[in-house]
Amino acid sequence: MERKGGFGIVPTQQKCGRCIQPAHVPSGLAAPVKCTINQTQWKVSSQSIYLRWRSLGNPCNFNVTCSSHSALYRVCQPIQKPNGSYECDYNGLEAGTLYFLWIVSLSDGETSNITVQTDPLPPARFEIKKEKISTTTLQVWWSPSLGKVDRYELQLFDSTIKKIQEIHVPGGISRNEETFVNLIPGSKYTLSISAISGTKNSPTIDISGFTAPSPAENIQISVQMESVHVSWLPGVGNVDQYRLILLDKGRQLQQHELEKHVLSYNFSGLTPGHQYNLTIITRAGELENYNFRLIRTGETFYKLFSVAKLWQTLLT
């Protein structure tokens with residue numbers, strides 16, 4: 001005697017003397033396909049994680065949790081797409097942080113664990129401290145990055161994009177400035193910063209700046225009655241141009257801009273026996289340095305003769 005049930009045929013039992021023999025079994029029930037988690041993919045930004053996977057089981061009901069060492073877990077209810085894939089989005093996460101994701105099938109207990117790290121963020125501001133610029137140093141400061149940062153990497157490049165210096169500053173401390181030293185006066189440099197968390201680097205921020213030029217050196221002055229000839233030598237480093245300013249009691253009398261290869265100039269049309277203030281300005285980029293001299297033109301022959309005659313009268 002047989003009775004049918006489900007998709008297959010469930011056998012009954014028959015008596016045969018001292019034994020019990022099973023009835024013929026034409027087929028069994030097919031095992032259900034498990035909700036295995038396959039082809040897991042993810043995309044990560046600084047504050048979000050997008051997760052996608054496939055499963056042959058149908059229908060499947062999944063639950064996804066996301067947690068980090070510093071935050072409580074968050075639950076996501078996946079969305080099933082028509083192509084059979086499942087998707088889950090986490091937003092508002094902390095940059096540069098390691099997150100642990102756990103996908104669980106509520107249908108049969110199948111699981112998958114994934115560890116991903118969000119991208120670190122660069123500092124919002126990165127600037128040269130202009131008041132700290134000297135002929136051989138550049139000091140920079142930055143605002144701390146949002147999220148987790150293990151360290152900051154600062155690099156210094158010269159005008160040929162050759163790396164000159166590299167400095168690492170620990171993240172998570174109050175120090176947010178650094179000084180590059182032993183630089184060449186009057187030179188242009190490119191400075192960069194990036195935040196590092198784990199094995200990931202943030203995008204790099206680049207800024208450029210000049211060291212101050214050296215002042216002119218070895219200034220030589222030759223005076224005549226109505227003219228002054230001045231010459232000088234360049235200081236250490238580079239200079240873009242020179243600017244000469246001649247003052248008469250604080251009033252600008254003459255101003256001349258010269259190319260960097262010009263190292264002398266002749267001032268004419270001056271008043272004999274008059275005192276002037278000469279300033280030689282060196283310029284590199286937008287930065288300047290200066291050196292000055294007090295000079296006096298030669299006396300006229302008539303005045304010199306009058307002075308000599310006065311002394312002769314006094315001595316007789």
Trainee: Given 3.5 Å as the limit, does a donor-acceptor pair link the side chain of Ser227 with the main chain of Gln224, or not?
Mentor: no
Trainee: Using the rule that two of Ile, Leu, Val, Met, Phe, Trp, Tyr join whenever any of their side-chain heavy atoms come within less than 4.5 Å, decide whether Val44 and Ile196 are in one cluster.
Mentor: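 No.
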Trainee: Is it the case that one hydrophobic cluster holds both Leu121 and Leu154, taking links as side-chain heavy atoms less than 4.5 Å apart, direct or via other members?
Mentor: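 Shared cluster, no.
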Trainee: Quick one, Ile133 and Ile128 - any side-chain contact, counting heavy atoms below 4.5 Å?
Mentor: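 Touching, per the 4.5 Å side-chain cut-off.
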Trainee: When you look at CD1 of Ile245, are more than 12 heavy atoms from neighbouring residues, nucleotides or ligands closer to it than 6.0 Å?
Mentor: yes
Trainee: Is there a side-chain contact between Val228 and Leu278, using heavy atoms and a 4.5 Å cut-off?
Mentor: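 Val228 does not reach Leu278 side chain to side chain.
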Trainee: Quick check: closest heavy atoms across Leu270 and Gln254, and the distance to 0.1 Å?
Mentor: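 Looking at all heavy atoms of both residues, the closest pair is CD2-NE2, 3.8 Å.
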Trainee: Say whether, by atom type as modelled, one donor and one acceptor occur between the side chain of Asp150 and the main chain of Gly198 under 3.5 angstrom.
Mentor: yes
Trainee: Would you call Leu183 and Gln165 a side-chain contact if the rule is heavy atoms closer than 4.5 Å?
Mentor: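 In short, these two side chains touch, coming nearer than 4.5 Å.
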Trainee: Determine the minimum heavy-atom distance between Ile221 and Arg293, stating which atoms define it.
Mentor: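 The answer is CD1-CB, 3.7 Å.
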Trainee: Got a donor-acceptor contact below 3.5 angstrom from the Asn291 side chain to the Pro215 backbone?
Mentor: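 Side chain of Asn291 to backbone of Pro215: no pair is present.
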Trainee: Show the numbers, then the answer: is there a side chain to side chain donor-acceptor pair (under 3.5 Å) between Asn238 and Ser187?
Mentor: CA-CA 6 Å; Asn238 304 304; Ser187 298; 2.7 Å; yes
Trainee: Give a yes or no on whether the backbone of Ser231 and the side-chain of Ser264 come within a donor-acceptor separation of less than 3.5 Å.
Mentor: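 Side chain of Ser264 to backbone of Ser231, a donor-acceptor pair under 3.5 Å: no, none is there.
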Trainee: Are any non-hydrogen side-chain atoms of Arg243 and Gln255 less than 4.5 angstrom apart?
Mentor: yes
Trainee: Is Thr199 close to Gln117 at the side-chain level, that is, under 4.5 Å between some pair of heavy atoms?
Mentor: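 Heavy-atom side-chain distance check passes, below 4.5 Å.
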Trainee: Quick check for you: to the nearest 0.5 Å, what is the distance between Glu288 atom CD and Thr282 atom OG1?
Mentor: 8.0 Å
Trainee: Grouping I, L, V, M, F, W and Y whenever their side-chain heavy atoms are under 4.5 Å apart, do Ile37 and Tyr99 come out in a common cluster?
Mentor: yes
Trainee: Given salt bridge (Lys or Arg N to Asp or Glu O under 4.0 Å), test Glu127 with Lys129 step by step and report yes or no.
Mentor: CA-CA 6 Å; Glu127 299 176 4; Lys129 299 182 77 171; over 6 Å; no
Trainee: Asp248 side chain to Arg251 main-chain N or O, any donor-acceptor pair under 3.5 Å?
Mentor: no
Trainee: Whether Glu153 and Arg151 form a salt bridge (side-chain N of Lys/Arg under 4.0 Å from carboxylate O of Asp/Glu) is what I want to check.
Mentor: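 No, no charged N to carboxylate O under 4.0 Å.
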Trainee: Mark yes or no for whether Ser194, through its side chain, and Asn201, through its backbone, hold a donor-acceptor pair below 3.5 Å.
Mentor: no
Trainee: Under a 4.0 Å threshold between the charged nitrogen and the carboxylate oxygen, would Glu177 count as salt-bridged to Lys132?
Mentor: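 No.
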Trainee: Kindly give the heavy-atom pair with the smallest separation between Ser55 and Cys60, and that separation in Å.
Mentor: OG-SG, 3.8 Å
Trainee: Please check: side-chain N/O of Ser197 versus main-chain N/O of Lys200, any donor-acceptor pairing under 3.5 Å?
Mentor: no
Trainee: OG of Ser45 to CG of Asn91: how many Å apart, nearest 0.5 Å?
Mentor: 7.5 Å
Trainee: Look at the aromatic rings of Trp142 and Tyr152 and report parallel, tilted or perpendicular, splitting at 30° and 60°.
Mentor: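 Rings of Trp142 and Tyr152: tilted, 30 to 60°.
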Trainee: Are Asp240 and Arg283 within salt-bridge range, i.e. N to O under 4.0 Å?
Mentor: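 Salt bridge flag = no for Arg283 with Asp240.
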Trainee: Hydrogens and angles aside, do Tyr50 and Glu87 bring a side-chain donor and acceptor to less than 3.5 Å of each other?
Mentor: yes
Trainee: So which heavy atom on Met225 is nearest to which on Thr297, and how close?
Mentor: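 Closest heavy-atom pair between Met225 and Thr297: O-CB, 3.3 Å.
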Trainee: Check this for me: Phe157, atom CZ, are more than 12 non-hydrogen atoms of other residues, nucleotides or ligands nearer than 6.0 Å?
Mentor: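 Yes - once you tally the heavy atoms of other residues, nucleotides and ligands closer than 6.0 Å, there are more than 12.
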Trainee: Any side-chain heavy-atom pair from Ile114 and Ile103 closer than 4.5 angstrom?
Mentor: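 Sidechains of Ile103 and Ile114: in contact.
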Trainee: Going by heavy atoms in the side chains, are Thr135 and Asn289 under 4.5 Å from each other?
Mentor: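 A side-chain contact under 4.5 Å exists here.
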Trainee: Side-chain heavy atoms nearer than 4.5 Å, only ILVMFWY residues, links allowed to pass through others: does that put Val104 and Tyr86 together?
Mentor: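 As far as the 4.5 Å side-chain criterion goes, Tyr86 and Val104 are not connected within one cluster.
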Trainee: How many angstroms lie between NZ in Lys249 and CG in Leu247, if you round to the nearest 0.5 Å?
Mentor: 13.0 Å
Trainee: Between atom CZ of Phe292 and atom CD1 of Ile280, what is the distance when rounded to the nearest 0.5 Å?
Mentor: 11.5 Å
Trainee: Output the distance between atom CD (Glu110) and atom OG (Ser112), rounded to the nearest 0.5 Å.
Mentor: 10.0 Å
Trainee: Do Trp141 and Leu146 belong together in a cluster built from hydrophobic side chains that touch within less than 4.5 Å?
Mentor: no
Trainee: Check whether the side chains of Gln139 and Thr179 place a donor and an acceptor atom closer than 3.5 Å, and report yes or no.
Mentor: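 Yes, a side-chain donor-acceptor pair sits under 3.5 Å.
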Trainee: Yes or no on side chain to side chain contact (heavy atoms under 4.5 Å, CB included) for Lys148 and Leu98, after CA distance, side-chain angles and deciding distance?
Mentor: CA-CA 9 Å; Lys148 185 178 181 297; Leu98 203 63; over 6 Å; no
Trainee: I'd like to know whether the aromatic ring centres of His256 and Phe267 sit less than 6.0 Å apart in this structure.
Mentor: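 Yes, they do, as the ring centres are separated by less than 6.0 Å.
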Trainee: For the side-chain contact (heavy atoms from CB on, under 4.5 Å) test, which of Ile219, Val230, Leu246 pairs with Ile295?
Mentor: Leu246
Trainee: Quick check against the 3.5 Å criterion: does Tyr189 have a side-chain atom that pairs as donor or acceptor with the backbone of Ile207?
Mentor: no
Trainee: Does Lys188, at its NZ atom, have more than 12 non-hydrogen atoms belonging to other residues, nucleotides or ligands within less than 6.0 Å?
Mentor: no
Trainee: Measure across Ser143 and Ala124 and return the closest heavy-atom pair with its distance rounded to 0.1 Å.
Mentor: OG-N, 3.3 Å
Trainee: Any heavy-atom pair between the side chains of Arg74 and Leu93 that's under 4.5 Å?
Mentor: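 SC-SC contact between Leu93 and Arg74 confirmed.
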Trainee: Centroid separation under 6.0 Å, is that true for the rings of Trp53 and Phe62?
Mentor: yes
Trainee: Is the CD atom of Glu286 crowded by more than 12 outside heavy atoms at less than 6.0 Å?
Mentor: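 No, the 6.0 Å shell around CD holds no more than 12 heavy atoms from other groups.
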Trainee: Quick one: do the Thr97 and Glu94 side chains pair a donor with an acceptor below 3.5 Å?
Mentor: yes
Trainee: For Ser107 and Asn61, test the side chains for any donor-to-acceptor distance below 3.5 angstrom and give the result as yes or no.
Mentor: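 The criterion, which ignores hydrogens and geometry beyond distance, is not satisfied for Asn61 and Ser107.
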Trainee: Counting the benzene-type ring for Trp, do His69 and Phe100 have ring centres under 6.0 Å apart?
Mentor: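 Ring centres of Phe100 and His69 closer than 6.0 Å.
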Trainee: Can you tell me how far apart CD1 (Ile79) and SG (Cys88) are? Round to the nearest 0.5 Å.
Mentor: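 Between Ile79 CD1 and Cys88 SG, I get 8.0 Å after rounding to 0.5 Å.
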Trainee: Under the side chain to side chain contact (heavy atoms under 4.5 Å, CB included) criterion, do Thr211 and Leu138 qualify, and how do the steps go?
Mentor: CA-CA 7 Å; Thr211 49; Leu138 287 173; 4.0 Å; yes
Trainee: Between Ser192 and Thr204, which heavy-atom pair has the shortest distance, and what is it?
Mentor: CB-CG2, 3.4 Å
Trainee: Between Phe126 and Leu191, does a side chain to side chain contact (heavy atoms under 4.5 Å, CB included) hold up when you go through it step by step?
Mentor: CA-CA 9 Å; Phe126 179 50; Leu191 305 98; 4.3 Å; yes
Trainee: In a single word, yes or no, tell whether Cys66 and Cys76 have an SG-SG distance below 2.5 angstrom.
Mentor: no
Trainee: Show the numbers, then the answer: is there a side chain to side chain contact (heavy atoms under 4.5 Å, CB included) between Val64 and Tyr90?
Mentor: CA-CA 10 Å; Val64 184; Tyr90 284 99; 3.7 Å; yes
